[in-house]
Amino acid sequence: LGFREMRGPWVEIAFWNMDGMWIPQDHPAREMQATFYVARPEKGIVRDKELVEIVKEVQETGGDTGSLGWRQPWDINLAMKNLLRTHTTAVTFRVLGYFLKNNLVKLPVKFFSIGRVFRNEAIDWKHLAEFHQVEGFVVGENLTLRSLMGYIKEFYSKMGIRKIRFKPTYNPYTEPSSEIFGWHEAAGKWVEIGNSGLFRPESLRPFGIKHNVIAWGLAVERLAAILYEIEDIRELIGPMTSIDWIRNYSLPVFEFERE
Ligand code: FB9
């Protein structure tokens with residue numbers, strides 16, 4: 001689909017994992033029971049002081065975005081805390097902060113990432129403390145919710161999923177936001193196969209981006225669990241995984257549409 005791959009660090013600064021995309025400092029995702037914080041070194045740095053200034057403004061008052069902001073004091077110390085990234089959207093904002101803020105790329109810009117993310121969640125047959133997130137984003141002229149839906153349909157059709165539905169949802173950094181559902185023939189039911197949205201002006205303003213930015217994400221382990229008909233996600237990653245299965249697995253027989 002003409003996307004370039006982007007990568008980022010597993011140990012991230014809260015600034016890139018949350019503050020830069022306008023997640024408020026009292027958001028539940030920040031709490032210990034959702035995020036792994038690093039004790040040593042406890043803090044990181046963001047060299048772009050001007051960017052930090054604008055993020056503070058937009059967090060507190062909305063700055064000149066027309067938004068009211070979160071109307072609470074923004075503490076830079078919280079934003080400099082080191083943590084294990086909870087989503088690869090942190091990579092997206094590093095790329096927005098570097099390539100787009102410094103006009104190093106011309107539009108349309110299409111990047112994707114596939115990387116490990118960490119959530120301090122209870123481990124069970126469906127949840128792991130770490131999984132691989134896939135994320136794609138596009139910055140371009142006149143992108144709309146329809147463009148996002150179009151990209152998502154094209155993306156999943158490459159994996160043989162053609163019947164797709166969109167259900168409104170909430171993310172602190174996107175509005176509108178939509179859960180993505182795919183019709184799973186074998187299971188005879190609609191399965192939630194991802195999440196998506198248009199980044200908020202408050203999330204884009206600090207990076208000087210005036211264009212709409214569309215993005216979506218999913219979990220590789222969920223995809224693999226359905227494709228390989230695996231009940232317990234712990235069979236896919238972690239101590240319960242059988243090395244023989246990993247070594248001898250063959251790709252499921254679903255045809256990627258060859259160009
Ligand atoms: O992957 C998910 N489901 C899925 C994906 C593919 C699949 O393959 C089948 C062959 C068709 C089957 C299932 N989900 C996202 C949906 C649910 O499983 C959800 O309950 C769990 N989600 C994870 C996070 O859980 C806390 C999956 C993970 C997830 C959720 C959101 C994003 C990424 C991964 C995102 C995002 C995003 C949104 C807006 C802008 C940028 C990124």
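Every heavy atom of this structure was used, including side-chain atoms; hydrogens, water molecules and symmetry mates were not. First listed ligand is number 1; within each ligand, the first listed atom is number 1.
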Visitor: If you count every heavy atom of other residues, nucleotides or ligands that lies below 6.0 Å from Tyr98 atom OH, does the total exceed 12?
Guide: no

Visitor: Around atom CD of Glu231, are there more than 12 heavy atoms of other residues, nucleotides or ligands at under 6.0 Å?
Guide: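 Atom CD in Glu231 is not crowded, with 12 or fewer foreign heavy atoms closer than 6.0 Å.
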
Visitor: Please list, chain by chain and in numerical order, all residues satisfying side-chain contact (heavy atoms from CB on, under 4.5 Å) with Pro108, sequence neighbours excluded.
Guide: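 Partners of Pro108 by the side-chain contact (heavy atoms from CB on, under 4.5 Å) criterion come out as none, since no residue qualifies.
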
Visitor: Regarding Thr89 and Thr92, is there a side-chain donor-to-acceptor distance under 3.5 Å anywhere?
Guide: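 Short answer, no.
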
Visitor: Where does ligand 1 get N/O contacts under 3.5 Å from the protein, atom by atom?
Guide:
{"from": "ligand 1", "atom 1": "1 (O)", "to": "Ala219", "atom 2": "N", "distance (Å)": "2.7"}
{"from": "ligand 1", "atom 1": "3 (N)", "to": "Glu192", "atom 2": "O", "distance (Å)": "2.9"}
{"from": "ligand 1", "atom 1": "18 (O)", "to": "Arg222", "atom 2": "NH1", "distance (Å)": "2.7"}

Visitor: With sequence neighbours left out, write down each residue that passes side-chain contact (heavy atoms from CB on, under 4.5 Å) with Asn103, or none if nothing qualifies.
Guide: none

Visitor: Not counting sequence neighbours, list each pair that qualifies as a side chain to side chain donor-acceptor pair (under 3.5 Å) and has a residue in residues 186-196.
Guide: Asn171-Asn195

